[in-house]
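Computed over heavy atoms, backbone and side chain alike; hydrogens, waters and symmetry mates excluded. Bear in mind the structure is a predicted one, so any value in this text is a computation, not a measurement. Protein chains get the first letters and strands the later ones, always in sequence-line order, with residue 1 at the start of each.
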Amino acid sequence: MKNLRIVDILKLGQVGAEITVKGWVRTRRGSKNVSFIALNDGSTNHNLQVVAEVEAFGEELLKLINTGAAIGVTGKLVESTGSGQSVELQAASIEVIGGADPEKYPIQPKRHSLEFLREVAHLRPRTATFSAIFRIRHAMIFAIHNFFNDRGFYNVHTPIITSSDAEGAGEMFRISTLDAKNPPLTEEGDVDFSQDFFGKAANLTVSGQLEGELFAMALSRIYTFGPTFRAENSNTSRHLAEFWMIEPEVAFFDLNDNMDLAEEFLKYLINYALEHCMDDLLFLSSRLTEEEKNKPADQRSMELIEKLRFVAENDFVRLTYTDAIEILKNSKQNKKGKFQYPITGYGTDLQSEHERFLVEVEFKKPVILTNYPKEIKAFYMRLDDNGKTVSAMDVLFPQIGEIIGGSQREERLDILESRMEEMHIPKEDLEWYLDTRRFGGCPHAGFGLGFERLLLFVTGMTNIRDVIPFARTPKNCEF
RNA sequence: UCCUUAGUAGCUCAGUUGGUUAGAGCGGCGGACUGUUAAUCCGUAGGUCGUAGGUUCAAGUCCUACCUGAGGAGCCA
């Protein structure tokens with residue numbers, strides 16, 4: 001007899017079978033004669049009800065079976081006479097594998113705030129909400145590899161430690177083995193990184209894109225999926241100092257191919273969740289609906305599953321930056337002065353409020369914005385024929401904002417070099433990158449998807465710290 | 001980093017214009033109950049009011065600084 005997972009027990013429902021199951025106690029309740037134990041092993045959102053006769057086990061043993069305790073139960077699966085479940089386990093023997101002192105165990109059989117559960121992030125996967133979230137997180141990881149593998153993409157592990165600080169995606173975390181108290185100094189009085197571990201200054205990566213491009217210039221279709229690090233002092237519900245990013249890069253792709261890929265990718269992932277995680281989505285949806293009851297009617301969002309279906313079934317709106325500015329400029333909001341940052345014309349930087357207007361009010365569906373002014377975008381994005389804009393694209397989602405950022409890359413060496421000069425990017429650090437333009441250069445494109453932002457959308461959670469196991473944010477690096 | 005807001009029992013919160021001994025619900029513990037579904041009913045313990053200063057006869061309540069959380073903005077994925 002081997003241990004069975006609760007998800008399989010409930011799915012097969014073989015009444016009469018003798019089984020052994022191990023897991024953690026969610027609650028125990030009962031009367032003088034019988035105890036009911038809600039047992040969960042993390043394999044499903046549903047609990048297995050274990051029925052224990054008080055007479056058979058004694059109060060001393062039952063007292064150890066508290067919320068949070070790990071137990072093993074052997075017994076017979078029987079039809080349940082209660083109304084909450086179809087089958088239950090009639091316990092023949094119970095082993096308390098690890099107790100949990102109810103005076104001290106912080107997860108109580110009651111509703112907790114997400115803020116409190118963040119403080120006990122080491123125990124929160126034991127809750128219904130977080131086990132659902134992390135099962136979905138796994139399913140999405142799996143779906144991402146599936147998607148790319150099915151389409152002939154190769155997964156590349158780009159380096160996590162990098163010596164280049166020219167990626168331009170944000171502030172970096174320095175890594176060093178030098179004595180922080182007493183570092184070696186150069187004659188000028190700066191820290192002498194030539195004596196450091198790598199013989200030069202090193203940082204954690206902010207993006208695998210540049211290295212990804214190198215591999216796309218050889219394997220044609222590649223994607224990275226790894227951790228990235230940003231030392232920005234960003235205190236929002238959409239930013240993390242350590243997060244996971246998926247970055248496909250494809251040779252011989254232009255901006256339109258890139259948009260097609262991004263849209264197909266996102267729809268595939270959402271459909272995958274609808275197909276494989278419905279149980280957990282239903283739970284998160286009901287949880288969300290419960291929370292929304294406290295909000296005024298006009299601030300409530302669409303029901304989770306309805307929202308996912310809507311995005312999966314409808315085409316994204318594709319719009320150039322220039323057209324977006326026109327729409328925003330002529331909008332009632334702008335004319336009535338409702339925007340905090342009024343739109344005056346081409347060149348205005350789009351703020352969150354403008355993106356939200358386009359996605360949530362004007363089109364009511366995801367929007368892909370393209371061809372931004374070159375001044376507000378990165379050096380490697382391909383200059384358009386008008387000389388003013390670049391072939392960039394941002395995929396904007398309701399509530400979340402930018403979920404994907406990408407572009408067709410500048411493959412023309414002379415233009416790339418002059419763009420780098422304009423933007424003060426030191427060429428000597430990126431000779432290896434420029435080599436791909438010198439030798440067998442070709443048009444190519446790619447994008448980056450913030451994995452946790454995707455999870456925000458799929459799970460309906462509103463704080464990014466709740467969709468990663470252990471969040472790293474400014475002033476927070478516990479566990 | 002900026003703006004707004006909050007920090008009182010294990011958790012979620014109430015605490016009036018500053019005024020005697022700090023309150024509730026849930027959770028815990030003890031008891032009752034012949035099958036419960038966040039069980040129910042009765043009883044009970046539990047607090048240096050975020051930290052440090054200050055104002056005052058008197059501070060959970062007012063002021064200042066700092067710490068931490070939340071919402072929004074910027075930066076972005």
Using atom P of each nucleotide, how far apart are B/A58 and B/C66 to the nearest Å?
27 Å
Do A/E353 and B/G72 share a donor-acceptor pair, side chain to base, under 3.5 Å?
no
Aromatic plane relationship, A/F447 with A/F265 - under 30° parallel, 30 to 60° tilted, over 60° perpendicular:
tilted
Touch check for A/P106, heavy atoms < 4.0 angstrom, all strands: base, sugar-phosphate only, or nothing?
nothing
Between the base of B/A77 and the ring of A/F243 - centre-to-centre under 5.5 Å, planes within under 30° - is that a stack?
yes
Is the A/Y321 ring parallel, tilted or perpendicular to the A/Y372 ring (thresholds 30°, 60°)?
tilted
B/C42 and B/C26: how far apart are their P atoms, nearest whole angstrom?
10 Å
What integer number of Å spans the C1' atoms of B/C33 and B/A70?
43 Å
Check if the side chain of A/Q85 and the base of B/U36 share a donor-acceptor pair of N or O atoms closer than 3.5 Å.
yes
For the residue pair A/W244 and A/F225, does the interplanar ring angle fall in the parallel (under 30°), tilted (30 to 60°) or perpendicular (over 60°) class?
perpendicular
Assign A/H112 to base, sugar-phosphate, or nothing according to its heavy-atom contacts below 4.0 angstrom with the strands shown.
sugar-phosphate
Check: A/N47 side chain, B/U37 base, donor-acceptor under 3.5 Å:
no
Touch class at under 4.0 angstrom, heavy-atom based, for A/T27 against every strand present
sugar-phosphate
Tell me which nucleotide among B/U34, B/U1, B/C76 gets nearest to the side chain of A/N235.
B/U1
Please state whether the base of B/C76 and the side chain of A/S234 form at least one donor-acceptor pair under 3.5 Å?
no
On the 0 to 90° scale, with breaks at 30° and 60°, tag the A/F148-A/F153 ring pair as parallel, tilted or perpendicular.
tilted
Is A/L114 close to A/M461 at the side-chain level, that is, under 4.5 Å between some pair of heavy atoms?
yes
Does A/I404 reach a base, just sugar-phosphate, or nothing at all? Heavy atoms under 4.0 Å.
sugar-phosphate
So for A/Q108 and B/G10, does any side-chain atom that can act as donor or acceptor lie under 3.5 Å from a complementary atom in the base?
yes
Just call it for A/R465: base, sugar-phosphate, or nothing, with non-hydrogen atoms closer than 4.0 Å on any strand.
sugar-phosphate
A/E402 or A/T81, whichever maps to the more 5' nucleotide of RNA chain B:
A/T81
